[in-house]
Amino acid sequence: MIHVLLITFIITLFYMAIANRLMTYIKVLALQGVLLFFVVFIQLSEINTLNLVLILLETIVFKSLAVPIFLGYLLKRNNITREAEPFLPNFVSLVITTVIVIITILISNTIKDDNLDKIFFVVALSTLFFGLYLIATRRKIITHVMGYMVIENGVFVLSLAIGNEMPMLVNLGIMLDIFASVLILGIFLNKIGDVFKDVDVDQLSNLKDY
Amino acid sequence: MIGIYLITAFAIAIILFISRAKWLVYSLAGLFLLLQSAFTIYAGAHHGSSELIYFSFDSLGIILLITMSIIAVPSMIHSYIYIENHKENPQTRAIYLTSIVLLITAISAGYLSNHIAVTWIFTEITTLSASALIYHHRNKLALEGTWKYVFICAISITFIFIGILFLSLSLQHAGSDDLSFTNLLARKAELNPVWLRMAFLFIFTGFTAKLGLVPMFTAGIDAKDKAPAPAGALLATVLMNLGFVGIFRFYIVIANTPLLHWAQLVVGTAAFLSIFVSAVYMLKVKNVKRMFAYSGIEHMGIVMLGVAAGGIGYYAAVLHIILHAFVKSSLFFQYNQLYRVFQNKNIYHIGNYFKYNTTGAMVLLLGFISATAMPPSGLFVSEFLIFKSIFDQGQILLLIPVLLLLTIIIWSFGKNIFKILFVPAIGFDDSVAEKISPWESVTQFVLLVLAVYLGLNPPAVFVELLKDSVSLLPTLPV
């Protein structure tokens, strides 16, 4: 069952690679949050209330509800047009995403380690690289935030790949990271909407050496 | 004590944030400086002990904490001058001082943490507080700088976290989940090399955003450019030292494993590329503040070369990073006076500084001599030792291009500084130039003299602390 969920997760990446509208990205991000919740839920060996609450908070409340709603609000508030405006055509994006997944499968096959769940590792790495790819090839600043959220999801899967023996501290660290990053990203995106007419990366090139 | 320090500092920050009365904010800032000094003295007196499980007062932490507390004092003084000169409104003033207090607290705690995840959390807090400082002017360029800084730091922080995950995977083979540096070092033989490599790559890349090294150096430049200079001085010195601590503590672990040679290669490559990048940008940079920031990248490159070379290089690297902090912060403090005279940061529009502010011009000149490591600057000693260690390793082919690049940097730095000092600016109406009191430069002189003193005639305690902070590193065959 976990494998089905994880493969669905990979498919959402492909879908994101060819999506045109920003709302689609947001919906996919919400779906990824739900998928992550079920993955963790099934993987949990014993259900401990505190742990469950933390996971619920991280995946459903935060990743599937708060962030998508907030991003949708940003879209409306800043009058951002709905096109994602990639630098590359969708077909090329699809090919590159496929290449990313294939390369991560090859990489993970070279690693021999019993503590590591292969399929988790493949999904985590592909998500990471795909997030970076998304940041590099989309023109709008808001898509960079979405790319960052994809990277965060990748990190989440990676922390699952490494097993449940994560110390509490690191778990708290994830929370801090998420809250801090989204807080500042959100605040500044709001401000950027006020100051810059069109929220586009090309606008952010005025800091110069001379 | 560290618990009391953290709680009191956060309490001061919160009261600062909500208070608007002038006397109250400045006395709170003074109170914080007292707290910082008291804490530094306490840490020095309890050398070697640990507190709250995750913090320990080791030599590296103490020596950087002292550096930090020394720089914090002029930083507050110049912040006061800056705020009063700009007639900031009470809200902006409160946010600025709160961020400075939070930044200093987070950096201090980051220095002393002996657990990689704790260092990581405090690094994250520095990103938050630094971003408020960069956004101080609330205009378009400040927003751009802040956005870039926040975004790149967020990605770097994520990288460090990925590194920590790989590290815990590497440690699982040793049957342990304690990620403290002591435990890592104790179990160095059992660490899985594949995961350790991955962990080092990610953690190193992540911390370069704070340290100002290739590949993540860009965000720091914009940050130091847009933040008010007294805050920029902190970003360009003590915050970079935090990045150094993060990398160095983990480097100590990896240097004690068979991966030492590989780690040297990684660090050395990044360091060389940083010097190269710095030389290229120094040639064309016309913005004074960014020039200082690029010079910082060059120095971090030299420091990391020392770390990669090993031997006496370890000692010299820690010495260099401390002296650099004193020199570079004094240059940043001086920058504000320069801006007040010329109302411009472009080298084309400033010049003949000796005529308008002789004392300040002296600081710039001495700062230039110090920053380019010419004798009698203390940096000369550390840089010389680093080159000696590279030479001892037989890396002549590395040393020659590094020296060539340094020559380029010194030439372009000198060209710009002498233009500022002696060549008249075109179209500058000197009837409007602000007169600046020589007393405002006193702190800069103190810092510069301190750098000379610690470099040429270091006190025995200082040498002991330096030696002790690198004692865990393996001695290399010469």
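These figures come from a predicted structure and were not determined experimentally. Worth knowing before you read on, the calculation uses all heavy atoms, side chains too, and leaves out hydrogens, waters and symmetry mates. Every chain is numbered from 1, with letters handed out A, B, ... down the list of sequences.
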Side chain, backbone, both or neither: which part of [X] has a non-hydrogen atom closer than 4.5 Å to chain A?
{"X": "B:Lys148", "result": "side chain"}
{"X": "B:Asn192", "result": "side chain"}
{"X": "B:Lys289", "result": "neither"}

In terms of ring plane angle, is the pair A:His144 and B:Phe151 parallel, tilted or perpendicular, where the classes change at 30° and 60°? tilted
Might you point out which heavy atoms bring A:Val155 and B:Leu165 nearest each other, and give the distance in Å? O-CD1, 3.9 Å
Are there more than 12 heavy atoms of other residues, nucleotides or ligands under 6.0 Å from atom [atom1] of [X]?
{"X": "A:Phe38", "atom1": "CZ", "result": "no"}
{"X": "A:Lys27", "atom1": "NZ", "result": "no"}
{"X": "A:Leu106", "atom1": "CG", "result": "yes"}

Roughly how far apart are B:Leu169 CG and A:Ser159 OG, rounded to 0.5 Å? 12.0 Å
So OG1 of B:Thr158 and CG of A:Leu158: to nearest 0.5 Å the spacing works out to 12.0 Å
